[in-house]
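These numbers come from the heavy atoms of this one structure, side chains and all, not from hydrogens, waters or symmetry mates. Quick note on labels: first sequence line is chain A, next is B, and so on, each numbered from 1.
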There are 2 protein chains.
Amino acid sequence: MRAILRGMPETPSPSGSASEPSLEEQIAAYQREFRDLDPQVEQVVSALQRLNRRMNVAYGRQTSTLGISNTEWEVLKALVLSGAPYRLGPGDLAKRLGLTPAAMTHRIDRMAAEGLVTRERDENNRVRVIVELTDQGREQWLEAMRMATVFEEDLLQDLTTVERHLLGELLTRLLRRVEDAQPDAGGRLSDLG
Amino acid sequence: MRAILRGMPETPSPSGSASEPSLEEQIAAYQREFRDLDPQVEQVVSALQRLNRRMNVAYGRQTSTLGISNTEWEVLKALVLSGAPYRLGPGDLAKRLGLTPAAMTHRIDRMAAEGLVTRERDENNRVRVIVELTDQGREQWLEAMRMATVFEEDLLQDLTTVERHLLGELLTRLLRRVEDAQPDAGGRLSDLG
DNA sequence: CTATCGAACTTTAGATCTGAAGTCTTGAGG
DNA sequence: CCTCAAGACTTCAGATCTAAAGTTCGATAG
């Protein structure tokens, strides 16, 4: 079917045409192209990156069925995690999500138009603005959390309790190391281009 | 020093100015706001997400010192990993990076203008386009890899060889589970909004 | 050889983000 | 009071991405 024989000069990868390489293939390629590489380190890092990407795809699919985007979900999450009465300023939100204040202004515009949050001036200090979760926003967050936990439980299904604990601890140790080295939570997560 | 004194009243976090909560605070908040939550699962997932975010910030800082962006680095990576002669079509690149073909066209425009890649038509099939890494592009990738491996080695510094191996295995098992469930590598990694 | 369909890429319009400049409020000095 | 500096948010211009429409080439069927 796949019109084999296209002259295929050197196609070491069994995958006829260029599909995404498997993790194993990727690490092998790294070793071919870059000698000074610890394959063990690379396996951890590459698996981490791929896993996160897949998870984001999954979350995106779920939130989109709820009529919200992943970016909106992030904002809802930050507000809920701040605890009742679920209020934060645009500046705080921007710091927590790793965005510029300008981007937060735009997001809040959209989310307020959709009724997920309200925006009002702080009467005690009129420079500040207060973004507050609406009941509808909280409901959306709950719904998204229900779907997310199902996915996450499924993701970890093959791991025993001991393995889950171990994995959590190892990841937390790595996280601690980065957070100590990078105390400023800020820093755009995307590019810095 | 862990879990001492949970008695702290209602405002455990110095409410002074809302800074990003720690991982522990975040998980505690999740449990307050969403009863049906397995804290062990949440620790793994939250640590994973935070870790990835921090790593992206670090990579972004590094690549920006080289005069390229993280997005450009992704393209260089895909080309190098494809092996000599470091050529791929825009469509393949788009699939591997989880972008739309349109976005790839734009990226290639920019990267070709900077001399990181060349773009030419495939003479055997003039519908196709071939994107090829230039020597300069390969050099930039090498330089970025050198910086990245230093960072990654530092990140894993506190883990023994056994722990590294274990972590790699656990992550790979999770990855396998998602990739089996989501065979299509595609899917925008960002929003789907 | 010609018509047509499909594949691969590009173009266009609109969405969202960044960086810089602008607006408004507060607080410190004079 | 008045002025000015700093802080918090918004506005604006430009960058990059997505979705959809457009273009071009290749292959298949008369």
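The nearest whole Å value for the distance from the CE atom in Met111(B) to the P atom in dC17(D) is 11 Å. Distance Asp92(A) CG to dA8(D) P: 9 Å, rounded to the nearest Å. One can place CG of Asn70(A) at 14 Å from P of dT18(D), the figure rounded to the nearest angstrom.
Taking the side chain of Leu99(B) as heavy atoms from C-beta on, and the options dC12(D), dT10(C), dC17(D), the nearest nucleotide is dC17(D). The listed nucleotides are dT18(C), dA8(D), dC9(C); the one nearest the side chain of Arg128(A) is dA8(D). Closest contact between the side chain of Thr100(B) and the listed nucleotides dT10(D), dG19(C), dA19(D) involves dA19(D).
Residues satisfying the salt bridge (charged side-chain N to carboxylate O under 4.0 Å, His left out) criterion with Glu139(B), sequence neighbours excluded, are absent altogether. Every residue two or more places apart in sequence or in another chain that forms a salt bridge (charged side-chain N to carboxylate O under 4.0 Å, His left out) with Asp109(A) is listed here: Arg119(A). Listed by chain and residue number, nothing satisfies the salt bridge (charged side-chain N to carboxylate O under 4.0 Å, His left out) test with Arg121(B) (two or more places apart in sequence, or in another chain). When the ring-ring contact (aromatic ring centres under 6.0 Å, His included) test is applied to Tyr86(A), no partner is found at least two apart in sequence or on another chain. Considering only residues two or more places apart in sequence or on other chains, Glu114(B) meets the salt bridge (charged side-chain N to carboxylate O under 4.0 Å, His left out) condition with none of them.
A sub-4.0 Å separation between OP1 or OP2 of dC17(D) and a side-chain N or O of Arg107(B) is present. Considering only side-chain N and O atoms, Arg110(B) lies under 4.0 angstrom from the phosphate OP1 or OP2 of dT16(D).
A residue-by-residue look at Ala103(A) and Thr105(B) shows that Thr105(B) has its nearest nucleotide of DNA chain C further toward the 5' end. In terms of position on DNA chain C, the residue among Asp109(B) and Met104(A) whose nearest nucleotide sits closer to the 5' end is Asp109(B). Of the two residues near DNA chain D, Ile130(A) and His106(A), the one whose nearest nucleotide lies more 5' is Ile130(A).
Once rounded to the nearest 0.5 Å, the distance linking CZ of Arg96(A) with CD of Glu74(A) reads 13.5 Å.
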Do any N or O atoms of the protein come closer than 3.5 Å to N or O atoms of nucleotides 20-29 of chain C, and which pairs are they?
{"residue": "dT26(C)", "atom": "OP1", "partner": "Arg126(A)", "partner atom": "N", "Å": "3.3"}

